[in-house]
Amino acid sequence: MTSIAIVGAGPQLGLAIARTFGSHGFDVALISRNLDKLDALVGKLAADGINAAAFPADVLDRDALTQALQDAATKFGGIDVLEYSPVGTFGTTALTTPTATDPSHVQHEMEFQLYGAIAATQAVLPAMRDAAAGTLLYTTGAGSIDPVPQVANVNAAAAALRNWAINLHKELDGTGVQAAHVGIDVSIGVSVVPGFPTAQPDEISPVYWELHTSNRDQAERVFSL
């Protein structure tokens, strides 16, 4: 059997990615903070005939995140694909312009985005390298490429994750393990910013399948309309 671990699994893009991979026979490990929400997603996937399980962990708690991924690997016999896309909430994420940004504003986002991604990768990459197979996918908003002043601290950390992911792709070239960054240049599901394009999650999720299968030589895909 093959499996995907989705870190930051949510009811929109995370669920769509789970359905995309699950429709190809993948087991699905869902990892985020809220067990009740994870259980609801597991139920939706079960209704689609997809085998999924919840592993609650906060990406800011790196020991818990590592344990959740180890538990998922034990349950499913390994992790073949890691997708990392945690999403902050307005209650926990301060949004700052460049001139209003303190180091602490960026530090929180670095912990959330880059450091969490590194911890998750360390939990699954050794087995992938031993198998000479596997895929590591990291998601940010397109502000990691073309930043927006209103969310400067988030963009700075996202840019760091993008840089690291593309560099990881270069390091892993020839090992059988794929690493790639996905930049999302749309609102997902519902319009957030007037005039900014919106796409449905199931329009975006095929990009992840393609990076795992037919586009393994690519270090980055940007989804835009």
Side-chain angles (χ1 to χ4, degrees), residues 1-11 13-46 48-87 111-139 161 164-165 168-169 171-182 205 207-213 216:
M1 297 295 292
T2 50
S3 64
I4 180 172
I6 301 174
V7 179
L13 184 58
L15 180 59
I17 294 169
R19 282 175 166 151
T20 294
F21 280 80
S23 69
H24 289 89
F26 275 65
D27 294 325
V28 178
L30 301 173
I31 300 172
S32 70
R33 289 169 293 182
N34 190 308
L35 179 58
D36 290 340
K37 291 181 180 178
L38 288 178
D39 285 340
L41 298 180
V42 169
K44 290 181 178 180
L45 292 170
D48 294 334
I50 296 169
N51 184 33
F55 301 89
D58 189 332
V59 299
L60 297 175
D61 184 341
R62 288 189 273 282
D63 289 340
L65 176 58
T66 297
Q67 188 62 56
L69 286 162
Q70 290 173 346
D71 291 345
T74 298
K75 179 174 179 62
F76 293 131
I79 300 297
D80 301 279
V81 179
L82 170 72
E83 193 279 320
Y84 186 87
S85 56
V87 177
E111 296 276 355
F112 191 69
Q113 297 194 59
L114 178 61
Y115 302 159
I118 292 173
T121 302
Q122 289 176 336
V124 301
L125 181 55
M128 290 182 178
R129 296 196 80 158
D130 287 344
T135 300
L136 305 161
L137 302 172
Y138 309 92
T139 304
L161 174 53
W164 182 80
L168 181 62
H169 175 91
E171 181 186 359
L172 294 175
D173 183 41
T175 67
V177 181
Q178 153 73 325
H181 169 253
V182 179
S205 59
V207 169
Y208 295 82
W209 181 251
E210 291 161 7
L211 285 167
H212 173 60
T213 54
R216 294 184 66 80

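Remember, it's a predicted structure, so these values are computed and weren't measured experimentally.
- Among all heavy-atom pairs drawn from Ala52 and Val42, the shortest one is O-CG1, 3.6 Å.
- For the atom pair CG (Asp36) and CG (Leu41), the distance works out to 11.0 Å, reported to the nearest 0.5 Å.
- Using bins of under 30°, 30° to 60° and over 60° for the plane-to-plane angle, the ring pair Phe26/Trp209 lands in the perpendicular bin.
- Judged by distance alone, with hydrogens and angles left aside, the side-chain atoms of Ser3 form a donor-acceptor pair with the main-chain N or O of Gly78 at under 3.5 Å.
- Residues Leu38 and Ala54 approach most closely at CB-CB, 3.6 Å, considering heavy atoms.
- Between Leu69 atom CG and Tyr84 atom OH the span is 10.0 Å, to the nearest 0.5 Å.
- Remark: the backbone N or O of Ile50 is not paired with any side-chain donor or acceptor of Asp48 at under 3.5 angstrom.
- Looking only at distances, a side-chain donor or acceptor of His24 sits under 3.5 Å from a matching main-chain atom of Thr20.
- Put simply, CG on Asp61 and CD on Glu111 are 11.0 Å apart, with the number rounded to the nearest 0.5 Å.
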Given side-chain contact (heavy atoms from CB on, under 4.5 Å), test Val28 with Ile17 step by step and report yes or no.
-> CA-CA 10 Å; Val28 178; Ile17 294 169; over 6 Å; no
Lys44 and Arg19: CA distance, side-chain angles, deciding distance, side-chain contact (heavy atoms from CB on, under 4.5 Å) verdict = CA-CA 10 Å; Lys44 290 181 178 180; Arg19 282 175 166 151; 4.1 Å; yes
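- Tested against Leu211 for a side chain to side chain contact (heavy atoms under 4.5 Å, CB included), the candidates Leu137, Thr135, Leu136, Val81 yield a single pass: Leu137.
- Across all non-hydrogen atoms, the minimal contact from His169 to Arg216 is CE1-O, 3.7 Å.
- For the residue pair Asp63 / Gln67, no side-chain donor-acceptor distance below 3.5 Å is found, with atom types taken as modelled.
- Nearest heavy-atom pair, Ala29 versus Ala72, reported as atom, atom and distance to 0.1 Å: CB-CB, 3.6 Å.
- For the pair Phe21/Glu83, no side-chain contact is recorded, criterion being any heavy-atom separation below 4.5 Å from C-beta on.
- Proximity of Gln122 to Ile118: side-chain heavy atoms (C-beta onward) are separated by under 4.5 Å at one or more points.
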Stepwise side-chain contact (heavy atoms from CB on, under 4.5 Å) test for Phe76 and Asn51 = CA-CA 10 Å; Phe76 293 131; Asn51 184 33; 3.7 Å; yes
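- Between Ala165 and Tyr138, the shortest heavy-atom distance links the atoms CB-CD1, 3.6 Å.
- Within the model, atoms CG of Asp173 and CG of Leu168 stand 11.5 Å from one another, a figure rounded to the nearest 0.5 Å.
- There is no side-chain donor-acceptor pair under 3.5 Å between Thr139 and Ser85.
- Atoms CZ and CG, on Arg33 and Leu60 in that order, are 7.5 Å from each other to the nearest 0.5 Å.
- One distance of note links CG of Leu172 with OG1 of Thr121; it measures 9.5 Å at 0.5 Å rounding.
- In this structure, Ala117 and Leu161 approach most closely via the heavy-atom pair CB-CD1, 3.5 Å.
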